[in-house]
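Here's the structure, in structure tokens; my notes come after.
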Amino acid sequence: MKKGPNILITGTPGVGKSTLAQQLSEHSGLEWISVGDLAKDNNFFDGYDEERDCPVLDEDKVIDELEDMIAEGGKIIDYHGCDFFPERFFDIVFVLRTDNTLLYDRLANRGYQGKKLEDNVECEIMAVLRDEAKESYDEKIVHELESNTVDNMEDNLQRILTWLAVWKKNHGC
Ligand code: DAT
């Protein structure tokens, strides 16, 4: 039996995925796996995308590495992409959304500039990750969460913890 549900937290860089994933992990005991860190630690990259100014993720290697962890259950996965994960990986998917002016400031504070900054803000305005999630998973398990303020973050955490409690009850754990 799975230790718990597997949760995907996705969205444009800067929307608050890792902050929420970390808090959720602390409050739930689920294990947080940042795909970005996993790729960095294991060098799961396949070249460099000059246009986007970022390394290209070796998606097959990431999936292979995640398979056993996902089978165990109870994982929180965070990544700014979601169409390459097998649909069976996740019990629920959360897409964080942030107002474009707030996101601009967060990414500028992170050192993003020029085209990289503009592309990411545009990605959020065009709801690219929201659409990717809805196309990749059953729409019933995809939930959009506003992530503009610290209050939003707290509400989102409580909402996921409530969902988790119901999931555990339904699955007898
Ligand atoms: P991501 O993992 O999606 O790239 P992050 O968790 O690193 O994003 O957050 C980026 C920055 O924005 C970080 O300084 C924390 C802040 N932040 C995230 N979510 C927030 C929210 N809902 N309200 C206020 N600040 C937030």
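Note that ligands are numbered from 1 as they come in the structure, with each ligand's atoms numbered from 1 the same way.
- At least one donor-acceptor pair closer than 3.5 Å links the side chain of Y48 to the backbone N or O of D53.
- Using a heavy-atom distance under 4.0 Å as the criterion, the protein contacts of ligand 1 are T12, P13, G14, V15, G16, K17, S18, T19, R106, R110, S147, N148, T149, V150, M153.
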Just list the side-chain donor-acceptor pairs under 3.5 Å for residues 163-173, sequence neighbours left out, or say none.
from : atom 1 : to   : atom 2 : distance (Å)
N170 : ND2    : V166 : O      : 3.4
H171 : ND1    : W167 : O      : 2.8

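- Residue Q113 places its CD atom among 12 or fewer non-hydrogen atoms of other residues, nucleotides or ligands, all under 6.0 Å distant.
- To the nearest 0.5 Å, atom CZ of residue F90 and atom CD1 of residue I70 are 5.0 Å apart.
- With sequence neighbours left out, the side-chain hydrogen bond (donor to acceptor under 3.5 Å, both in side chains) criterion links T149 to N152.
- Residues passing the side-chain hydrogen bond (donor to acceptor under 3.5 Å, both in side chains) test with T101, sequence neighbours excluded: D99.
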